[in-house]
Peer 1: 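What follows is a structure written as structure tokens; I'll ask about it next.
Just so you know, residue 1 is the first one in the sequence shown, and it goes up from there.
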Amino acid sequence: MKIYTKKGDFGQTSLATGTKVLKSDRRVELYGTADELNSTIGVVKAFLPKESMLHSPLETIQNLLFELGSELAGFRPKEESCILEIDVAFLEQEIDQMQEKLTPLKKFILPGGTKASSFLHISRTVSRRLEREMVRYKEEGLDILSPPMIFMNRLSDYFFVAARYANLEENIQEPTWTSRAKV
């Protein structure tokens, strides 16, 4: 199978439903951002130590994001979302387990530390962007179900805590914010 089809050469693509749209269509932006987010996780995993506890949950998240991308492209075989309440619970459980090992925050932290932690912060910001795009899309009256909205909100929290955890795993101190106003 050839990777190039030439069907999109003039700015159109097909959604999962077969509907042709411009590549500037909001749905294409949505599933494109989900794909971008998934790619950032691939980079994170490449920088994690082999023994990191983050590998397995990140792989689960990648699979869920791939399914969400399909849903955002119009593929929904059932009336419910591919993202379920158990997926949100999974993220919450992972967050809670990591936080048990982390010191409580007393200062704002800056993105940085290990390479994996730095990229987890990029994943956090891309997930927030996808969440904002989904909100805008829903405000326009289009079909975005509640479970993916909740999942995306929780996912950015997961990435924040995972970034802290990645630094902990490698015994790297988190960079903290120092206010010039409070010096």
Peer 1: Check this for me: Gln173, atom CD, are more than 12 non-hydrogen atoms of other residues, nucleotides or ligands nearer than 6.0 Å?
Peer 2: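 Count not over threshold, so no.
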
Peer 1: At what distance, to the nearest 0.5 angstrom, does CD of Glu131 lie from OG1 of Thr33?
Peer 2: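 Rounded to the nearest 0.5 Å, the CD-OG1 separation comes to 13.0 Å.
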
Peer 1: Rounded to the nearest 0.5 Å, how far apart are CG of Asp157 and CG of Leu155?
Peer 2: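 That separation rounds to 9.0 Å.
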
Peer 1: Please check if Val135 and Ile150 belong to a single hydrophobic cluster, counting links between Ile, Leu, Val, Met, Phe, Trp and Tyr side chain heavy atoms closer than 4.5 Å.
Peer 2: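 Val135 clusters together with Ile150.
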
Peer 1: Run the side chain to side chain contact (heavy atoms under 4.5 Å, CB included) test against Lys138 and tell me which residues pass, sequence neighbours left out.
Peer 2: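 Lys138: side chain to side chain contact (heavy atoms under 4.5 Å, CB included) contacts with Ile144, Ser146.
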
Peer 1: Could you list the donor-acceptor pairs under 3.5 angstrom formed between side-chain atoms of residues 108-116 and any protein atom two or more places apart in sequence or on another chain?
Peer 2:
{"unit_1": "Thr114", "atom_1": "OG1", "unit_2": "Ser117", "atom_2": "N", "d": "2.9"}
{"unit_1": "Thr114", "atom_1": "OG1", "unit_2": "Asn167", "atom_2": "OD1", "d": "3.4"}

Peer 1: With Glu67, which residues qualify under salt bridge (Lys or Arg N to Asp or Glu O under 4.0 Å), at least two apart?
Peer 2: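 If we apply the salt bridge (Lys or Arg N to Asp or Glu O under 4.0 Å) test to Glu67, skipping adjacent residues, there are no hits.
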
Peer 1: Any chance you could measure Tyr165, atom OH, to Tyr158, atom OH, to the nearest 0.5 Å?
Peer 2: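 That separation rounds to 10.0 Å.
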
Peer 1: Below 3.5 Å, can you tabulate the donor-acceptor pairs from side chains in residues 37-60 to any protein atom, sequence neighbours excluded?
Peer 2:
{"unit_1": "Asn38", "atom_1": "OD1", "unit_2": "Gln62", "atom_2": "NE2", "d": "3.1"}
{"unit_1": "Asn38", "atom_1": "ND2", "unit_2": "Gln62", "atom_2": "O", "d": "3.0"}
{"unit_1": "Ser39", "atom_1": "OG", "unit_2": "Asp35", "atom_2": "O", "d": "3.1"}
{"unit_1": "Thr40", "atom_1": "OG1", "unit_2": "Leu37", "atom_2": "O", "d": "2.6"}
{"unit_1": "Thr40", "atom_1": "OG1", "unit_2": "Ser123", "atom_2": "OG", "d": "2.8"}
{"unit_1": "Lys45", "atom_1": "NZ", "unit_2": "Gln62", "atom_2": "OE1", "d": "2.7"}
{"unit_1": "Ser52", "atom_1": "OG", "unit_2": "Leu54", "atom_2": "N", "d": "3.0"}
{"unit_1": "Ser52", "atom_1": "OG", "unit_2": "Glu169", "atom_2": "OE1", "d": "2.6"}
{"unit_1": "Ser52", "atom_1": "OG", "unit_2": "Glu169", "atom_2": "OE2", "d": "3.3"}
{"unit_1": "His55", "atom_1": "NE2", "unit_2": "Pro49", "atom_2": "O", "d": "2.9"}
{"unit_1": "Thr60", "atom_1": "OG1", "unit_2": "Ser56", "atom_2": "O", "d": "3.3"}

Peer 1: Please list, chain by chain and in numerical order, all residues satisfying side chain to side chain contact (heavy atoms under 4.5 Å, CB included) with Arg132, sequence neighbours excluded.
Peer 2: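 Partners of Arg132 under the side chain to side chain contact (heavy atoms under 4.5 Å, CB included) test: Arg128, Arg129, Arg136.
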
Peer 1: Counting N and O atoms only, with roles assigned by atom type, does the side chain of Arg164 sit under 3.5 Å from a partner on the main chain of Leu102, one being a donor and the other an acceptor?
Peer 2: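 Not a single qualifying donor-acceptor pair exists.
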
Peer 1: Check side-chain hydrogen bond (donor to acceptor under 3.5 Å, both in side chains) between Asn171 and all other residues, then give those that pass, not counting sequence neighbours.
Peer 2: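 For Asn171 there are no side-chain hydrogen bond (donor to acceptor under 3.5 Å, both in side chains) partners, ignoring immediate neighbours.
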
Peer 1: Write out all pairs satisfying ring pair (Phe, Tyr, Trp, His ring centres under 6.0 Å) with one or both partners inside residues 124-157, taking only residues at least two apart or from two chains.
Peer 2: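 Output for this query is empty, none listed.
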
Peer 1: Taking side-chain hydrogen bond (donor to acceptor under 3.5 Å, both in side chains) as the definition, give me every residue that meets it alongside Ser81, ordered by chain and number, with sequence neighbours left out.
Peer 2: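 Glu71.
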
Peer 1: Measuring from atom OG of Ser127 to atom CD of Glu36, what distance do you get when rounded to the nearest 0.5 angstrom?
Peer 2: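 Spacing of OG (Ser127) from CD (Glu36) equals 11.0 Å.
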
Peer 1: Side-chain polar contacts of residues 85-99 - donor-acceptor pairs under 3.5 angstrom, sequence neighbours left out - could you list them?
Peer 2:
{"unit_1": "Asp87", "atom_1": "OD2", "unit_2": "Leu84", "atom_2": "N", "d": "2.7"}
{"unit_1": "Glu92", "atom_1": "OE2", "unit_2": "Arg154", "atom_2": "NE", "d": "2.8"}
{"unit_1": "Glu92", "atom_1": "OE2", "unit_2": "Arg154", "atom_2": "NH2", "d": "3.2"}

Peer 1: What residues form a side-chain hydrogen bond (donor to acceptor under 3.5 Å, both in side chains) with Asn63, not counting sequence neighbours?
Peer 2: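 Checked Asn63 against side-chain hydrogen bond (donor to acceptor under 3.5 Å, both in side chains); zero matches.
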
Peer 1: Passes side chain to side chain contact (heavy atoms under 4.5 Å, CB included), Phe160 versus Leu105? Steps please.
Peer 2: CA-CA 12 Å; Phe160 177 78; Leu105 282 175; 3.7 Å; yes

Peer 1: Would you compute the distance between atom CG of Leu72 and atom CZ of Arg26 and round it to the nearest 0.5 angstrom?
Peer 2: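 Output value for this atom pair is 12.0 Å.
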
Peer 1: Do you reckon Val161 sits in the same ILVMFWY cluster as Leu168, going by side-chain contacts under 4.5 Å, direct or chained?
Peer 2: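 Val161 clusters together with Leu168.
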
Peer 1: Which value, rounded to the nearest 0.5 Å, describes the distance between Met134 atom CE and Glu139 atom CD?
Peer 2: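 Rounded to the nearest 0.5 Å, the CE-CD separation comes to 12.5 Å.
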
Peer 1: Output yes when a side-chain donor or acceptor of Arg124 lies under 3.5 Å from a complementary backbone atom of Ala163, and no otherwise.
Peer 2: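 No.
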
